[in-house]
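Worksheet: the structure to be examined is printed underneath.
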There are 2 protein chains.
Amino acid sequence: MIPNKATYRTTPQKKALLSLLRSTKAHPTAAWLFDRLRLEMPDVSQGTVYRNLSVLAEEGVIRVLRNGSAQDRFDADVSEHYHVICESCGKVEDISVNVRTDANSEAERASGYEIHSHRLDFYGVCPDCQRRAAVGDDAE
Amino acid sequence: MIPNKATYRTTPQKKALLSLLRSTKAHPTAAWLFDRLRLEMPDVSQGTVYRNLSVLAEEGVIRVLRNGSAQDRFDADVSEHYHVICESCGKVEDISVNVRTDANSEAERASGYEIHSHRLDFYGVCPDCQRRAAVGDDAE
DNA sequence: TTAATTGCAAACGGTTTGCCACGTT
DNA sequence: AACGTGGCAAACCGTTTGCAATTAA
């Protein structure tokens, strides 16, 4: 949680973190971002990375993909879109399936909730892992 | 992770845990299940609860709802259905919106992945919390 | 019998936080 | 000057795991 509602500031660390996240489509984890960021800013700390990710999310500039007891992932693309997750290698990619624009209102009717958003994830095996499985058919 | 592929056994702890989970529609957390289970079996340990939840999930008897860095939740209903999550109180409920039976194949076409399943969660404010907000309009 | 399961408690791992110096506004 | 932010390191907390004893099959 962020200390309080406040006027956020622009700092070198925050800028670098955001542009780093914007530079990839790989939906990286905090650890990955931290490692990368350290290359350009050897003194950044984990705390800073996590705090800024929270701030950026609160500002609505990035999106947090919470993924269970596994690590969270972050996405600089805040437009409405869905994800495919490879059950074999853990990769997360964008997927372009038709967004049902009426999904939220249908859900509202069905539940009585005031719906703000929804999240749709597909789980499967990515092309790379399919190939890998077909060749080295040793596992199992 | 479960030790290995093996022949699972039926134990009192496992049976009790499963029927406890089946007795509620509240998608409880491991902690809740542990506390409840302790009422009937004062000596169960957390380890046992977690291990059995993993086993049951692996057997396909229950479903794990991974929910970000927050606690996982568990669901004895393994049929295809979706959830609404209250952003205010954290409650998780089933929601009956039409399941798009063709969603997976559309996603397959769009991504090249071999899709096995998908997950759809709606986020919003439940009726209780809406009421609460309307009355005690103090916060914020 | 014998391998899976249990209880216990310690370890894990990602994330958060307290402290105080620092830098943005 | 005021207060949000940074670095550091310890704390958190849900979950996992090693071990020796137990128990289902």
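- The base of D:dG4 is not paired with the side chain of A:Arg51 by any donor and acceptor separated by under 3.5 Å.
- You'll find the side chain of B:Lys14 reaches within 4.5 Å of the side chain of B:Leu56, heavy atoms only.
- Put simply, CG on A:Leu53 is 11 Å from C1' on C:dT15, counting in whole angstrom units.
- Between the CG atom of A:Asn52 and the C1' atom of D:dT5 there is a distance of 8 Å, given to the nearest Å.
- Rounded to whole angstrom, the span from the NZ atom of A:Lys14 across to the P atom of D:dG7 amounts to 14 Å.
- At the phosphate of D:dT15, OP1 or OP2 sits under 4.0 Å from a side-chain N or O atom of B:Tyr50.
- At whole-Å resolution of the value, CD in A:Gln13 and P in D:dC8 are 11 Å apart.
- Judged by distance alone, the side chain of A:Ser19 and the main-chain N or O of A:Ala16 form a donor-acceptor pair under 3.5 Å.
- Contact of the A:Phe74 side chain with the A:Val64 side chain is registered, since non-hydrogen atoms from C-beta on lie closer than 4.5 Å.
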Please write out each protein N/O paired with an N/O of nucleotides 22-25 of chain C under 3.5 Å, distance rounded to 0.1 Å.
| unit_1 | atom_1 | unit_2 | atom_2 | d |
| --- | --- | --- | --- | --- |
| C:dG23 | N2 | A:Arg9 | NH1 | 2.6 |
| C:dT24 | O2 | A:Arg9 | NH1 | 3.0 |

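- With a 4.5 Å cut-off on side-chain heavy atoms, B:Leu33 and B:Leu53 count as touching.
- A salt bridge does not link A:Asp75 with A:Arg73: every distance from a Lys NZ or Arg NE/NH1/NH2 to an Asp or Glu carboxylate oxygen is 4.0 Å or more.
- For the pair B:Trp32 CH2 and D:dT15 P, the computed distance is 15 Å after rounding to whole Å.
- Rounding to whole angstrom units, NZ of residue B:Lys15 and C1' of D:dA25 are separated by 13 Å.
- Residues B:Thr10 and B:Lys15 are in side-chain contact: their nearest non-hydrogen atoms beyond the backbone lie under 4.5 Å apart.
- In this structure, A:Glu58 and A:Tyr8 have side chains that are in contact, with non-hydrogen atoms separated by less than 4.5 Å.
- Cluster partners of A:Val125 are absent, since no Ile, Leu, Val, Met, Phe, Trp or Tyr has side-chain heavy atoms less than 4.5 Å from it.
- Across all strands, A:Ala31 comes closer than 4.0 Å to no nucleic acid atom at all (heavy-atom distances).
- Between the P atom of D:dG14 and the CG atom of B:Leu65 lies a distance of 17 Å, rounded to the nearest Å.
- If you check residues 41-49 of chain B against DNA chain C, the residues with a heavy atom closer than 4.0 Å are B:Asp43, B:Val44, B:Ser45, B:Thr48, listed by number.
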Check: residues 87-97 of chain A side-chain donor-acceptor pairs under 3.5 Å, at least two apart:
| unit_1 | atom_1 | unit_2 | atom_2 | d |
| --- | --- | --- | --- | --- |
| A:Glu87 | OE1 | B:His116 | ND1 | 2.6 |
| A:Glu93 | OE2 | B:Tyr113 | OH | 2.6 |
| A:Asp94 | OD1 | A:His27 | NE2 | 2.8 |
| A:Asp94 | OD1 | A:His81 | NE2 | 3.2 |
| A:Asp94 | OD1 | A:His83 | NE2 | 3.3 |

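- Nucleotide C:dC8 holds its P atom 10 Å from the CZ atom of B:Arg38, rounded to whole Å.
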May I have the step-by-step check of side-chain contact (heavy atoms from CB on, under 4.5 Å) for B:Val61 and B:Arg22, ending in yes or no?
CA-CA 10 Å; B:Val61 174; B:Arg22 284 189 168 147; 3.6 Å; yes

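- Residues forming a side chain to side chain donor-acceptor pair (under 3.5 Å) with A:Ser111 (at least two apart in sequence, or on another chain): none.
- Axis orientation changes by 40° from one end of the helix from C:dT1-D:dA25 to C:dT25-D:dA1 to the other, with each end axis drawn from 5 pairs and the value rounded to 10°.
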